[in-house]
Amino acid sequence: MVTAVGLFGLLAFLVLYVVYFVYRDMIYFFLLHYFGLDGLFITHSQQQFILSELEKIIYYQNLSKVGKNYFYHRTVVFILNKHFFGDGIKLSDEIKIYISACTVQLTFRIRGFYIEHIQLIRVFPKAMWSQLVQHEVKGLTTGGGVMWLSWEDLKKGFEFPQDGINLGIHEMAHAFKLSLGCEKGFTNRFCNAIEIWRRNSSAAFKRLQNGEENFFRSYGATNMEEFWAVSVEVFFEQPDKLLLQYPEIYFSLCKVFNQNPLNIDSDYRN
């Protein structure tokens, strides 16, 4: 027979479990960033390796000391809370760091937002065949919360940081939208900002489909979802050019991500 105390204890456990499951990203960040409890989750050598790898990323380099500390802890939280799986490749800390850094870059100025949609990240050595779309892909983000990434192509995005092409940012841009649930009719300030971006981008998208546009790469003409991801790549890798060519698209994305990539003196504050 279940006693009242036992029932209360079970309910309390279930409530705490749900709270942890829903808010675990914020819980980890709070413990790491405000209490400095990094050592509970990663070794000192891992901490140093993460910091050394982040220093190779231009976005991180431009941050203040405070901004770097915030970026670092967000990166660790993502690594701790997502499942990574190497398919035909040995999964290294380096791979996890660069994938996580893409996410943090997108959400850097959005407090408490961790792209919850993605739960499993499958990493392949290079482009792979997808039964789902019936062709070879470098990256893929599914509605079921799984992301596929080619390490070869992901790394190129960081080796050439100003060419407007970054696989990690591209796929995380898809995951960002899926996390918001805008396509399900759920509205919030981010969904509203994306709708403004869509209206401001429709003319450029049509020109790209008609072969009259050469600023955005041709893959963006596939559909509006791919144009979104391609636009986000350019926003972070060629912000000066995007602002010059399409200021309305640029400022729309500043609103979506609550940051201005050209404002390097103030940690990209919008």
Side-chain angles (χ1 to χ4, degrees), residues 22-23 25-30 32-34 54 57-78 81-82 99-118 141 157 161 164 166 168-184 186-201 224-225 227-270:
V22 174
Y23 297 105
D25 297 295
M26 287 183 276
I27 292 171
Y28 275 121
F29 181 78
F30 191 79
L32 293 169
H33 193 67
Y34 295 104
L54 291 179
I57 300 173
I58 289 180
Y59 186 96
Y60 179 86
Q61 293 171 8
N62 290 329
L63 293 171
S64 66
K65 183 178 179 179
V66 173
K68 286 183 176 181
N69 190 43
Y70 180 80
F71 192 105
Y72 159 70
H73 283 133
R74 289 282 290 258
T75 300
V76 174
V77 168
F78 190 87
N81 283 322
K82 302 301 179 185
I99 293 173
S100 303
C102 293
T103 312
V104 178
Q105 184 168 330
L106 259 70
T107 63
F108 181 71
R109 304 286 322 181
I110 306 175
R111 303 296 178 184
F113 190 86
Y114 294 90
I115 305 190
E116 295 85 354
H117 177 77
I118 295 300
T141 302
N166 186 301
I169 289 178
H170 182 102
E171 293 305 324
M172 287 303 171
H174 286 312
F176 179 87
K177 278 193 70 179
L178 287 169
S179 293
L180 292 172
C182 301
E183 71 284 352
K184 298 177 183 178
F186 178 71
T187 58
N188 55 34
R189 67 186 181 92
F190 298 110
C191 294
N192 292 335
I194 289 175
E195 176 58 24
I196 293 172
W197 166 85
R198 189 192 63 78
R199 293 199 298 264
N200 289 341
S201 301
M224 202 62 179
E225 291 303 314
F227 187 74
W228 155 258
V230 166
S231 297
V232 175
E233 289 178 86
V234 176
F235 175 68
F236 282 106
E237 294 218 336
Q238 299 176 328
D240 52 341
K241 294 180 180 179
L242 181 60
L243 176 60
L244 181 64
Q245 293 286 332
Y246 290 101
E248 69 283 1
I249 294 178
Y250 181 81
F251 288 118
S252 295
L253 291 173
C254 285
K255 189 72 173 177
V256 171
F257 297 108
N258 192 36
Q259 62 174 294
N260 182 349
L262 292 173
N263 187 10
I264 60 176
D265 294 328
S266 299
D267 286 347
Y268 309 110
R269 187 180 300 277
N270 187 19

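Keep in mind it's a predicted model, so treat the numbers as computed, not measured. Computed from heavy atoms alone, side chains included, the values below leave out hydrogens, waters and symmetry copies.
- Under the 4.5 Å side-chain criterion, counting only non-hydrogen atoms from C-beta, K177 is in contact with I194.
- Annotation: ring-ring contact (aromatic ring centres under 6.0 Å, His included) contacts of F251 (sequence neighbours excluded): none.
- From Q245, atom CD reaches atom CD of Q238 across 10.5 Å, with rounding to the nearest 0.5 Å.
- Pairs of residues two or more places apart, or lying in two chains, that qualify as salt bridge (charged side-chain N to carboxylate O under 4.0 Å, His left out) and include a residue from residues 57-72 are E55-K68.
- Legend: residues meeting side-chain contact (heavy atoms from CB on, under 4.5 Å) with N200, ordered by chain and number and at least two apart, are I196, E248, S252.
- By the side-chain hydrogen bond (donor to acceptor under 3.5 Å, both in side chains) test, Q259 is found to be paired with Y59, residues two or more places apart in sequence or in another chain being considered.
- Partners of I110 by side-chain contact (heavy atoms from CB on, under 4.5 Å), not counting sequence neighbours, listed by chain and number: F113, F176, F190, N258.
- By the side-chain hydrogen bond (donor to acceptor under 3.5 Å, both in side chains) test, S64 pairs with D267, sequence neighbours left out.
- Legend: residues meeting side-chain hydrogen bond (donor to acceptor under 3.5 Å, both in side chains) with T107, ordered by chain and number and at least two apart, are R74.
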Open item on the list: Evaluate I264 against L63 for side chain to side chain contact (heavy atoms under 4.5 Å, CB included), listing each step before the verdict.
Closed with: CA-CA 7 Å; I264 60 176; L63 293 171; over 6 Å; no
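- When every heavy atom of A175 is checked against every heavy atom of I115, the shortest pair comes out as CB-CG2, 3.6 Å.
- In this view, Y70 and F29, H33, F108 satisfy the ring-ring contact (aromatic ring centres under 6.0 Å, His included) rule, not counting sequence neighbours.
- Every residue two or more places apart in sequence or in another chain that forms a side-chain contact (heavy atoms from CB on, under 4.5 Å) with L262 is listed here: P239, D240, L243, Y250, N260.
- Residues passing the side-chain hydrogen bond (donor to acceptor under 3.5 Å, both in side chains) test with H117: none are found, sequence neighbours excluded.
- R269 meets the salt bridge (Lys or Arg N to Asp or Glu O under 4.0 Å) test with no other residue; sequence neighbours excluded.
- The side-chain contact (heavy atoms from CB on, under 4.5 Å) search around A101 returns L54, I57, F71, not counting sequence neighbours.
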